[in-house]
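Working notes, structure below.
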Amino acid sequence: MNSIYEKIRQQINRVVKDAFETCAKNQTLPAVELPEITVEVPRERGFGDFSTNVVMQAARQLRMPPRKAAEMLIQAMDLKDTYIERVECAGPGFINFYLNRYWLYDALKLIQEKQEHYGELDMGRNVRVNVEFVSANPTGPLHMGNARGGALGDCIANVLKKAGYDVTREFYINDTGNQIEKFGLSLEARYLQQLLGEDQVPFPEDGYHGEDIIEHAKAYIAQHGDSLLKETPEKRREILVQYALPINIERIRKMLSDYGIEYDVWFSEKTLHDNGEVADTIQFLKDNGYTVEKDGALWLSGEKLGLEKDEVLVRNNGVPTYLAADIAYHRNKFVKRGFDWCINLWGADHHGHVARMKAAMAPFGVSADRLHVVLFQLVHLYRNGEIVRMSKRTGKSISLEDLLEEVGRDAARFFFNLKTSGSHLDFDLDLAVSQSNENPVYYVQYAHARICSLIRKLKEEEGITLKDVAEIDLTLLTKDEELDLIRKLAEYPEEIALSAKTLEPSRLTRYVMDVAAHFHSFYNACRVKGEEEPLMMARLMLVDSTRIVIRNVLDLISIHAPEKM
């Protein structure tokens, strides 16, 4: 068992069920078919450590006021061999459980036993999940939207893996369609300009104006000279794209690796066209009555799928739309590769595409709830209180590379996970590099380094190392700061479970900040070095358990846990 909360819930479930059976036997309450017993942590500590509303859920079957039934139930409860110290009825029939301290001491023992595996759950057993994120057009550098989507997607994948899911990280390469045509036209123009002069070759109005396009043209000429001048424009563009696209994709892969992201699958959109999956998907929709023809084009039927309007699948020139390829891609994920659950991370400007994609899965027998889209909002970068749009180094819009150069991977990933995905994010560049408690990533990393320093000094200067759990009297930990810190450490598996359910890894960033704050409060109130050995050992175990939890969270969000600062 990886969660003390799980053990407590099992105890409460058993106590409640046994009490219902006892009351039914004594005929003080009628026999009922119990609903699932929900055990929650009350918002206010005064209402106990855990609470259930099971009596109110079963009120109709009980045929009496819930509060009266709850009081009878409490009288029938056997609390032997549990952490439960006392039980009270509150409000209209809530049953509140107050625990003794032994659950907290057992939580520390569990952390010491599990070490880096503490927090792992089995809620996702045998469920195969595909998490697709970033999937930037491979026509230029990664921007701030890609940076936020990357941090969120990677952390969601990490959380799901920690919760026991079988996770595949995927990057969908948009290597066909309009943007690739535009990429080819831009490369061709720069290539010809290099050879014939800028004034001789107009640049496409909607072309890609980045310096990287010019660099590609120069590099190709350095290797192959003017050999493409004799080719047709179509062939020339094809060759230039074949040359530049792999370079761009490799740059993206390297940049994301520097950012702490490693993908399991790089999936090419072009392969869906080349192997006939797009055509086959369109034919399937057509054969099964999910399309309509009008204006010379083929449309996905909005009426058949419960959508507001029809959507073009094949243009009147016979070319499939991006939607057609996207449907084929998701069909590939669910039907061909057999994923149980697919999660996509998209910028908020794609919100209109969500309903279309969910509805378009129905013809393939895939329910809408198996496709989950996390929409994330824009990022605003600030320096000296003012919005920053341009890189100081390049004079162009800030790329992920610029950001990592300025603030580093740890600060970037931490800040992008500070707020829920649906919130706009104001990224303070000055704060991200400051070495102060106001900087949340510094604050958390400093707590970890401080713990490592304390453990190291005790060993080097005093020869003191942590004893085995069985030799330590944890009941000596009685101060509020000690117990509050243990409670916070015990919550970690719960935070994993909630983050996995909500797909909100920002919970964990806030959680580890809370752990650091509780540790600093404990550290300021409770000495470790210089106390009598039994108390010193108990506190040293609490300190070491805090180190384990902070490191586990930082590992989960792919941020370094420094031992010295």
Side-chain angles (χ1 to χ4, degrees), residues 124 126-133 135 153 156-157 160 165-172 174 176-177 265 267-273 275-316 318-376 421-422 500-503:
N126 303 322
V127 176
R128 293 184 64 226
V129 186
N130 180 292
V131 184
E132 183 232 315
F133 57 106
S135 299
I156 286 171
L160 290 172
Y165 291 87
D166 179 1
V167 178
T168 296
R169 289 169 173 79
E170 185 150 312
F171 189 109
Y172 183 49
N174 301 131
T176 190
V265 175
F267 193 102
S268 160
E269 179 188 352
K270 189 172 182 293
T271 62
L272 294 170
H273 293 273
N275 67 17
E277 283 188 63
V278 174
D280 182 64
T281 298
I282 293 166
Q283 193 61 48
F284 180 92
L285 293 169
K286 197 173 178 180
D287 292 345
N288 288 277
Y290 289 99
T291 61
V292 292
E293 292 188 40
K294 56 183 178 180
D295 305 327
L298 186 70
W299 301 65
L300 187 67
S301 171
E303 183 182 356
K304 192 77 186 276
L305 291 171
L307 295 168
E308 289 180 9
K309 58 188 179 72
D310 299 338
E311 302 288 345
V312 181
L313 281 176
V314 182
R315 300 178 185 92
N316 55 18
V319 177
T321 60
Y322 181 80
L323 175 62
D326 220 10
I327 294 172
Y329 174 48
H330 285 81
R331 181 192 186 193
N332 176 284
K333 288 189 199 181
F334 284 115
V335 180
K336 189 172 182 179
R337 288 189 281 159
F339 286 103
D340 301 299
W341 187 20
C342 290
I343 299 164
N344 298 341
L345 281 97
W346 294 346
D349 55 333
H350 288 78
H351 68 92
H353 195 46
V354 177
R356 285 195 289 271
M357 283 312 306
K358 282 175 167 281
M361 291 300 98
F364 309 105
V366 177
S367 61
D369 60 359
R370 288 175 60 194
L371 174 61
H372 192 111
V373 179
V374 176
L375 295 172
F376 56 89
S421 53
K501 282 177 189 169
T502 60
L503 301 181

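Owing to the predicted nature of the structure, the values given are computational and were not obtained by experimental measurement.
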So how far is it from [X] [atom1] to [Y] [atom2], rounded to the nearest 0.5 Å?
X	Y	atom1	atom2	value
Asp349	Phe376	CG	CZ	8.5 Å
Arg169	Leu160	CZ	CG	9.5 Å
Ser135	Trp346	OG	CH2	10.0 Å
Arg370	Lys358	CZ	NZ	11.5 Å
Leu272	Asp280	CG	CG	11.0 Å

Which atom of [X] lies closest to which atom of [Y], heavy atoms considered:
X	Y	answer
Ala360	Leu305	CA-CD1, 4.3 Å
Leu375	Gly347	CD2-O, 3.6 Å
Ser367	Asp369	OG-OD1, 2.6 Å
Ala325	His273	CB-NE2, 3.9 Å

Around atom CG of Asn126, are there more than 12 heavy atoms from other residues, nucleotides or ligands closer than 6.0 Å?
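It does not: Asn126 CG has 12 such atoms or fewer within range.
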
Decide if the gap between the ring center of Tyr172 and the ring center of Tyr329 is smaller than 6.0 angstrom.
yes

So, [X] side chain and [Y] main chain: donor-acceptor pair closer than 3.5 Å or not?
X	Y	result
Asn288	Phe284	yes
Ser421	Val374	no
Asp326	Tyr322	no

Take Thr168 and Glu132 through the test side-chain contact (heavy atoms from CB on, under 4.5 Å) and record every step on the way to the result.
CA-CA 8 Å; Thr168 296; Glu132 183 232 315; over 6 Å; no

Residues forming a ring pair (Phe, Tyr, Trp, His ring centres under 6.0 Å) with His372, sequence neighbours excluded:
none

So Arg356 and His353, do their side chains get closer than 4.5 Å, heavy atoms only?
yes

Could you pull out all donor-acceptor pairs under 3.5 Å where a side-chain atom in residues 294-303 meets a protein atom, sequence neighbours excluded?
residue, atom, partner, partner atom, Å
Lys294, NZ, Asp310, OD2, 3.0
Trp299, NE1, Lys294, O, 3.0
Ser301, OG, Lys304, N, 3.1

Is there a side-chain contact (heavy atoms from CB on, under 4.5 Å) between Ile327 and Ile282? Walk through the geometry before answering.
CA-CA 9 Å; Ile327 294 172; Ile282 293 166; over 6 Å; no

Anything under 3.5 Å between a donor and an acceptor, one on a side chain of residues 335-345, the other on a protein residue two or more places apart or in another chain? List them.
residue, atom, partner, partner atom, Å
Lys336, NZ, Glu277, OE2, 3.1
Arg337, NE, Asn332, OD1, 2.7
Arg337, NH1, Glu170, OE1, 2.8
Arg337, NH2, Glu170, OE2, 2.9
Arg337, NH2, Asn332, OD1, 3.3
Asp340, OD2, Arg128, N, 2.7
Asn344, OD1, Lys333, NZ, 3.1
Asn344, ND2, His330, NE2, 2.8

